[in-house]
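Take a look at the structure below.
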Amino acid sequence: MSKKVRVRFAPSPTGGLHLGGVRTVLYNYLFARQQGGDFVLRIEDTDQSRYVPGAEEYIYECLQWCRLQPDESPQAGGPYAPYRQSERKALYRQYAEFLVQEGKAYYAFDRPEELESMRERFKTAENPSPQYDHKVRQQMRNSCALTFEETERLLADNVPHVIRIRMPENETVTFTDMIRGEVSFNTSLVDDKVLLKADGMPTYHLAVVVDDYLMKITHAFRGEEWLPSSPVHILLWKYLGWEKEMPQWAHLPLILKPDGNGKLSKRDGDRLGFPVFAMNWTTKKEDGSEELTKGFREMGFLPEAFINMLAMLGWNDGTDQELFTLDELIEKFSIDRVHKGGAKFDFEKAKWFNHEWIKRSDAAYLRPDVKRIFQEQGIQVNDDALLERVIALVKERCTLLTDFVEQSKFFFQTPQQWDLAAIQPKWNEAKQAFFTEVISYLQQQNNWVAADLEQGFKELAAAKQIKPGDVLLPLRIMLVGGKFGPGVFDIAGILGKEETVNRIKKVLEQLQK
RNA sequence: GCCGCGUUCGUCUAAGGGCUAGGACACCACCCUUUCACGGUGGUGAUACGGGUUCGAAUCCCGUACGCGGUACCA
C-alpha cells in the first residue's frame, strides 16, 4: 500500500495570480483528485518586504472562481496547520542548526556590503556574476573561515548572520523529474544558498523542504524556473535524513509571451490587450494612485473555459479532443503527457475556448453572470425567463460574456439610434406603404410566433411585388438599430406585438422626415 | 561567462524507427444564411542546422545554432 498522495500549491502573496500559477494549481488539483489524494494550499510569505495586503485573499477567491478548492489551507485549516510560513517561523531554525552541526551548513556573518564587494572583486568578463560558493567560502566571514572561538563570540554578541548550505565539491546530484526524466547537476557549480535569513525567516529553499516533509507532500509540481535550484533541495532532503520521504518532482514548462520569447508577464498583457491574471488586480503605487490590471473573469471568461484552455497549454490526452470538463480532466490527466517545452500564450485560442463553452452552457447557467453584466451596464432586467430565452437565442454569437450586452441589449432597451444610412439610399414610397401594411398585419396577429410572422411578412411582400431581401434589412434595423443580432422574426417573437409595432412606427417616422 | 532545460505549420499540439507528418486556433476561398454568428467543404502552412546509427529517423546518438530559465538574506 503506497502513501496517500498529497500535493501542494505554494504561492507567495505578492500580487495577482498569473496564468502560469493557475495552471500549476490546476495540474496539482487534477493529480490529487485523480489519485484520491489531498491538495493543500500553503502560503509562502517568508519575504516580509514583498508582502502585499489582499494578495492572499485574492488567491482564495481565484481558486474558488476556478473551482479548484484546496482541502487544506490557511483558511480551511487542516492537520498540518499552520499553512502560512510566516506563522511557522519558529520551526525552521532547528533544522538549519542541525545542518550546521552536521557540517552541511554554516553561519555566515557577511554584511550586504561585503557580499557586494566580493562580487565586485571576483567579477570578470568570463564570470560576470560570481557566486558565494566553495571557491570563495574560505575568504568570507563565516564559520568555515573563522575559528570556532571567533564564531562563538560573534554568535554570543548577536551579530546578524545567516545560515548557508555548504555545497559539496564535485558531486553529481541526479534525480528523475516526472516530466523531463533524468536530470543531473554538478554541485561545484551551485552556490551556497542562504537557508535561514538574518531575520530568522527561512528562504524558499529551506522552507520548501521542511514544509514538504512536515506536510507529507508526495509530489511537488512547480515552474521550470526552479530546476536550477533543485540540487540544493535534493541535498537538503538527504542531509536532513529524509531522503526516503522526498516527493517526486515535476518541473512544469513555462507559459511564454505570444510575440517574441520569454516568460509571459503582466506587462505583455497590458501591451497586447489581454489579461494575464485570473481576476482583476489593483496595484497600489507609491504615489498613492492605483493601477488596475484586468483579469480573465472580469473580461468575460467562464471558469470552465479558462481552466480548459490552461489545461491544454502544455498537455493533451493524445486524441483530438480539446474540450474537457473539469471531471474529464481529472479522469484523463497524466503527468507523462505534459510537454517539456514552453508554450506561447495565444489569446485568440483562449477566446475560442470561451466561445465554445458559452455555446455549450445552457441559458439558465449563464443567466446570473449575464444579468450581473447587464446591471453593471445600467440595464435592468427583471424577467429572468425572458433573459434566458434571449441568452439561448444569442449565445452562439458571444465570445465573451460581456458580448451579451451588445448582442442583446436591444431586447431590453428600445434603440435610440438607427443605422438609417443602411436603408435610406434604397428607401421609397412603395416600401413606406409596405411597412404601413405590415403594421396593421402585425396588429391583427393573435398568435405571436416567429415562424408565422415570417410567413405572413413574406406573403405580404409577395403580394406587393417586393422582394423579401429588400425589406428584411430595414425591418432588422427598425427592431435592433443596426445590422446585427439573431433572426429578425425571432427578435420580433420575443419583443412582442406592441413593442415590435412601436419600433417599426418610430423608424417609419424618422424616414419620413 | 557558467550551469540547466528546451526546439514539429504564425500559435497550441499528434505521430515514442515504417503510409501523402494528423488535428485545433488564426488566415484565405466557397457553401449555408436576404445582418452577424453558428455550421459545412476546401486551401495556404512545420519536423532549426550538420553529422552519424539504420533497409528506413520528426523519433535514437553526437555536434552546432537559436531560445528560455537560473546564477539574490525574491519566490
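If you're wondering where the values come from, they're calculated on a predicted model, not measured in any experiment. Letters go in sequence order (proteins before strands), and every chain restarts at 1.
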In whole Å, measure the gap between the C1' atoms of rU54(B) and rC62(B) for me. 16 Å

Distance check needed: rG4(B) C1' versus Leu254(A) CG, whole Å only. 13 Å

Measure up the Phe345(A) and Phe274(A) rings against each other and bin them: parallel (under 30°), tilted (30 to 60°), perpendicular (over 60°). tilted

Regarding Arg50(A), tell me which of base, sugar-phosphate or nothing describes its non-hydrogen contacts under 4.0 Å with the strands shown. base

Do side-chain atoms of Tyr27(A) reach the backbone of Ala311(A) as a donor and acceptor pair under 3.5 angstrom? yes

Please check if any side-chain donor atom of Asn28(A) sits under 3.5 Å from a side-chain acceptor atom of Arg8(A), or the reverse. no

Strand partner of rU35(B), provided both Watson-Crick or wobble distances fall under 3.5 Å: none

If you compare all heavy atoms of Asp133(A) against all heavy atoms of Asp191(A), which two are closest, and at what distance to 0.1 Å? CB-CA, 4.0 Å

Any strand is fair game: report the nucleotide pairing with rU41(B) by Watson-Crick or G-U wobble, both distances under 3.5 Å, or none. rA29(B)

From C-beta outward on Leu473(A), which listed nucleotide comes closest to its side chain: rC5(B), rC3(B), rU35(B)? rU35(B)

Sorted by number, residues from residues 86-99 of chain A placing a heavy atom under 4.0 Å from RNA chain B are none

Length of the CG-P vector between Asp192(A) and rG70(B), whole Å: 20 Å

For the CZ atom on Arg360(A), are there more than 12 heavy atoms of other groups (residues, nucleotides or ligands in this structure) within a distance under 6.0 Å? yes

rC9(B) -> Watson-Crick or G-U wobble partner, both distances under 3.5 Å, gives none

C1'-based separation of rC25(B) from rG45(B) [nearest Å]: 13 Å

Under-3.5 Å N/O pairs linking protein and nucleotides 71-73 of chain B:
unit_1  : atom_1 : unit_2    : atom_2 : d
rU71(B) : O2'    : Gln131(A) : OE1    : 2.6
rC73(B) : OP2    : Arg164(A) : NH2    : 3.2
rC73(B) : O2     : Ala198(A) : N      : 2.8
rC73(B) : N4     : Asp110(A) : O      : 3.1

Tell me the interatomic distance from Trp352(A), atom CH2, to rC27(B), atom P, rounded to whole angstroms. 14 Å

Between the protein and nucleotides 37-41 of chain B, are there any N/O to N/O pairs under 3.5 Å, and if so, what are the atom names and distances?
unit_1  : atom_1 : unit_2    : atom_2 : d
rA37(B) : O2'    : Glu396(A) : O      : 2.9
rA37(B) : N3     : Glu396(A) : OE2    : 3.3
rC38(B) : O3'    : Lys359(A) : NZ     : 3.1
rG39(B) : OP1    : Lys359(A) : NZ     : 3.0

Provide the distance between the two C1' atoms, one in rU11(B) and one in rC49(B), to the nearest whole Å. 23 Å

Pairing partner (Watson-Crick or G-U wobble, both distances under 3.5 angstrom) of rU64(B): rA48(B)

Checking the side chain of Lys458(A) only, and the main-chain atoms of Lys467(A) only, is there a donor and an acceptor separated by less than 3.5 Å? no

Please give the distance between the P atoms of rC9(B) and rC5(B) as a whole number of Å. 23 Å

Could you measure between the two C1' atoms, the one in rU7(B) and the one in rA58(B), and give it in whole Å? 12 Å

Is it true that, when you exclude Gln465(A) itself, more than 12 heavy atoms of the residues, nucleotides or ligands shown sit nearer than 6.0 Å to its CD? no

Report which part of the nucleic acid Thr46(A) touches: base, sugar-phosphate, or nothing (heavy-atom distance under 4.0 Å, all strands). sugar-phosphate

Between rA75(B), rC3(B), rA26(B), spot the one nearest the side chain of Glu225(A), thanks. rA75(B)

With rounding to the closest Å, how many angstrom separate the C1' atoms on rA15(B) and rC60(B)? 16 Å

For Val183(A), which contact category applies under a 4.0 Å heavy-atom criterion: base, sugar-phosphate, or nothing? sugar-phosphate

Donor-acceptor pair between Lys332(A) and Gln321(A) side chains, under 3.5 angstrom: yes

Can a donor-acceptor pair be found between the side chains of Ser86(A) and Gln48(A) at a distance below 3.5 Å? no

Within the sub-3.5 Å range, which N or O atoms of nucleotides 11-13 of chain B have a protein N or O partner, and how far apart are they?
unit_1  : atom_1 : unit_2    : atom_2 : d
rC12(B) : OP1    : Lys344(A) : N      : 2.8
rC12(B) : O2'    : Met312(A) : O      : 3.3
rU13(B) : OP1    : Gly314(A) : N      : 3.0
rU13(B) : O3'    : Asn316(A) : ND2    : 2.9
rU13(B) : O3'    : His339(A) : NE2    : 3.0

Within the 4.0 Å heavy-atom criterion, would you say Gly485(A) contacts the bases, only the backbone, or no part of the nucleic acid? base

Applying a 4.0 Å non-hydrogen cut-off, can you work out what Phe185(A) is touching in the nucleic acid: base, sugar-phosphate, or nothing? sugar-phosphate

Distance between the C1' atoms of rC55(B) and rG22(B), in whole angstroms? 26 Å

When the C1' atoms of rU13(B) and rA75(B) are considered, how many whole Å apart are they? 31 Å

My understanding is that a pair needs two contacts under 3.5 Å, Watson-Crick or G-U wobble. By that rule, which nucleotide pairs with rA75(B)? none

Which heavy atom in Pro82(A) sits nearest to a heavy atom in Arg88(A), and how many Å separate them? O-NH1, 2.6 Å

Searching all strands shown, indicate the nucleotide that pairs with rG70(B) (Watson-Crick or G-U wobble; both distances under 3.5 Å). rC2(B)

Answer with base, sugar-phosphate or nothing: what part of the nucleic acid does Leu472(A) contact at a heavy-atom distance below 4.0 Å? base

Rounded distance in Å - NE2 (His251(A)) to P (rC3(B)): 20 Å

Taken to the nearest 0.5 Å, the spacing of Leu366(A) CG from Trp357(A) CH2 works out to 11.5 Å

Face-on cation placement of Arg137(A) at Tyr132(A) ring, 6.0 Å and 45° thresholds: no

Rounded to the nearest 0.5 Å, how far does CG of Leu252(A) lie from CH2 of Trp315(A)? 13.5 Å

Between CG of Asp320(A) and C1' of rA24(B) the distance, given in whole Å, is 8 Å

Test of understanding: with ring pair (Phe, Tyr, Trp, His ring centres under 6.0 Å), list the residues that count as partners of Tyr83(A), not counting sequence neighbours. none

Please check if the number of heavy atoms outside Lys89(A) that lie under 6.0 Å from its NZ is greater than 12. yes

Could you check which nucleotide pairs with rG18(B) in any of the strands shown, counting Watson-Crick or G-U wobble with both distances under 3.5 Å? rC55(B)

Salt bridge (Lys or Arg N to Asp or Glu O under 4.0 Å) for Glu322(A) and Lys349(A)? Distances and angles first, verdict last. CA-CA 11 Å; Glu322(A) 292 194 271; Lys349(A) 185 89 184 218; 3.0 Å; yes

What is the nucleic acid contact for Thr319(A), judged by heavy atoms within less than 4.0 Å: base, sugar-phosphate only, or nothing? nothing

Taking atom P of rU34(B) as reference, at what distance in whole Å does atom CG of Leu453(A) sit? 16 Å

Separation of rC68(B) atom C1' from Asp259(A) atom CG, nearest Å, is 15 Å

Please report, rounded to the nearest Å, how far the C1' atom of rU33(B) is from the CZ atom of Phe489(A). 14 Å

Ring pair (Phe, Tyr, Trp, His ring centres under 6.0 Å) partners of His161(A), counting only residues at least two apart: Tyr107(A), Phe109(A)

